[in-house]
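Heads up, the thing below is written out as structure tokens.
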Protein chains: 2
Amino acid sequence: MQLVSQALVEPASAVSSWFQSDTVHTSTLGKSISSSVERHIIAHEHLYFEGELHSRIYLVISGVVGTYKLLADGRRQICSFAYPGDILGVECTERHLNNAEAFSDTVVRSIASNEIDKLIMNEPGFGRALLRMTAIELANTREQLLALGRKTAAEKLITFLSDIACRNTSKGQSLVQFELPLKRCDIADYLGLTVETVSRNFTRLKASGVITLLSSNTILIKDVNLLYAMAHGGEHTGPHD
Amino acid sequence: MQLVSQALVEPASAVSSWFQSDTVHTSTLGKSISSSVERHIIAHEHLYFEGELHSRIYLVISGVVGTYKLLADGRRQICSFAYPGDILGVECTERHLNNAEAFSDTVVRSIASNEIDKLIMNEPGFGRALLRMTAIELANTREQLLALGRKTAAEKLITFLSDIACRNTSKGQSLVQFELPLKRCDIADYLGLTVETVSRNFTRLKASGVITLLSSNTILIKDVNLLYAMAHGGEHTGPHD
DNA sequence: CGTTCTCTTGAGATCCCTCAACACCTGTGG
DNA sequence: CCACAGGTGTTGAGGGATCTCAAGAGAACG
């Protein structure tokens, strides 16, 4: 399950390791960044492009922002999605290494890059929060690396749906319904597949009874735990159904 | 080109963005961690396993350490390689989310997890250095995501060789020779391929004259810039040679 | 009721995987 | 010196998962 967007939400109760020993970081990051002006971004607008000078980091207030990279011939790989509470643009280079595009109408707050260093030095809680969120993002990206490198198309899709379902499920609940925030081509570019393969695997999942499509973008999952188990190799997920 | 291992090496001269405005972080991280005892790890020994309690973060002094994740049926994805100067174990969970194994005889220093929080709060430069290195690791992982999701087997291998070559090349040099630190099966698990596909693509690269294999693990590259261009889609890298 | 965008489905091609055999190297022991 | 074994790398044949190309079905919208 992806961890993104829990950084500012999840209280540091269950976890006992370093830089989570209290919740100062949440309020600290919130305080620093909430003094900035809100910026409204409409769907498909870009927050920044690869190669542009790095000027700000962003906190997503509402909406969904995706980061992606391109190859010279146009092949696209979506790297991550930032939901409310997630940050964007924590990079260590002069110029951006990827593109950030709003996938829905979005509101963000931001801090100028040149202020960040001061905040880190003056408010250690800020640096700790930033580090924690970056570490979570790294963990998510590695999980995605496992999916892209070693999972089949069916497993990739199940993993993707399972992640979204977990995000939309309250504890213990097993029935979930949600709207897919993405088009098939975006899912494809996130999972390293083609639109057609994504669509075919949706059809197969539907036929096998694991999911129900109320509309092409409205998913109903009867048993989230089953889906979660399938995503992690616990059940049969091969294409031979 | 991968950025790993430059965090402690590269002076912050060329880059002008936040938390690189001076080089304090280098010495600060070094000072904190160099007071710890060196630990010697022999090849194939593990630094930690997925699921174990998170207890320390490590700084690689010499050798190569790889991190990897496994699926239930044994499929493996190598996530990253840590070279001298790189850190390992910056995670934000109670338990490790991946495995760390020495790929050669290795020396590491480490800091206990419960000390890290204090260091961050008391020495902001330490937190900044940690953040910078984690951000670099994230950037590398995203680059690998692009390779796994959208590149062909040939392009993946070229990218891999190009990264190693860049690491072993002094500025402006175009002829490089180096020892591959990995077996074919490790390269395969890093690139999301099988051993056979890796081997076949080595043969093709050899046949096309781009590389020379002095032995099966000794690579000679005549034109690093060409290789680098091929890795980024600048040249023809398809399988139809 | 067209137009456009998106999603689905089919047919064929192809890249990569699987399975299998062989080559190479090194160390061991007769 | 040779035989053998184990680990590693290479090569071949065949199959299958995914891609490419193409057409049609839905849905949204003016």
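The basis for the numbers below is simple: all heavy atoms, side chains too, and nothing from hydrogens, waters or symmetry mates. Keep in mind it's a predicted model, so treat the numbers as computed, not measured.
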- Run the numbers on E137(A) and R142(B) for salt bridge (Lys or Arg N to Asp or Glu O under 4.0 Å), then give the verdict. CA-CA 10 Å; E137(A) 179 64 22; R142(B) 285 177 168 168; 3.2 Å; yes
- Proximal nucleotide (of dG9(D), dT10(D), dC7(C)) relative to the K183(B) side chain: dG9(D)
- Between dG26(D) (P) and L213(A) (CG): distance, integer Å: 15 Å
- Nucleotide nearest L193(A) when distance is taken to its side chain, options dG9(D), dC19(D), dT18(C): dC19(D)
- Message: Nearest to the E196(B) side chain among dT18(C), dC16(C), dT18(D), which nucleotide is it?
- Response: dT18(C)
- Query: Within the structure shown, what part of the strands sits under 4.0 Å from T203(A) by heavy-atom distance: base, sugar-phosphate, or nothing?
  - Reply: sugar-phosphate
- Message: Judged by each residue's nearest nucleotide on DNA chain C, which is more toward the 5′ side, R150(A) or S216(A)?
- Response: S216(A)
- Please list, chain by chain and in numerical order, all residues satisfying side-chain hydrogen bond (donor to acceptor under 3.5 Å, both in side chains) with E38(A), sequence neighbours excluded. R109(A)
- Message: Can you measure K156(A) atom NZ to dC19(D) atom C1' for me and round it to whole angstrom units?
- Response: 12 Å
- If the plane angle is over 60° it's perpendicular, under 30° parallel, otherwise tilted; pick one for H232(A) and Y228(A). tilted
- Message: Counting only side-chain nitrogens and oxygens, does T197(A) get under 4.0 Å of the OP1 or OP2 atom of dC19(D)?
- Response: yes
- Task: Using a strict cut-off of less than 4.0 Å between a Lys/Arg side-chain nitrogen and an Asp/Glu carboxylate oxygen, indicate whether R76(A) and D186(A) qualify as a salt bridge.
- Result: yes
- Query: Within this structure, what is the CG-to-P distance between L182(B) and dT8(D), rounded to whole angstrom?
  - Reply: 13 Å
- How many Å lie between CZ on F202(B) and P on dT10(D), as a whole number? 8 Å
- Could you state the atom-to-atom distance from CZ of R204(A) to C1' of dG16(D) in whole Å? 11 Å
- Query: Can you tell me how far C1' of dT18(D) sits from CG of L191(A), to the nearest Å?
  - Reply: 14 Å
- For the pair made of CG in D73(B) and P in dT18(C), what is the distance, rounded to whole Å? 11 Å
- Message: Please tell me if R200(B) has a side-chain N or O lying less than 4.0 Å from either OP1 or OP2 of dT10(D).
- Response: no
- Item | Per S199(A) side chain, nearest of listed nucleotides dG9(D), dC7(C), dG10(C) | dC7(C)
- Interatomic distance where CZ belongs to R75(A) and P belongs to dT18(D) [whole Å]: 18 Å
- Do the two ring centres, one from Y190(A) and one from Y68(A), sit under 6.0 Å apart? no
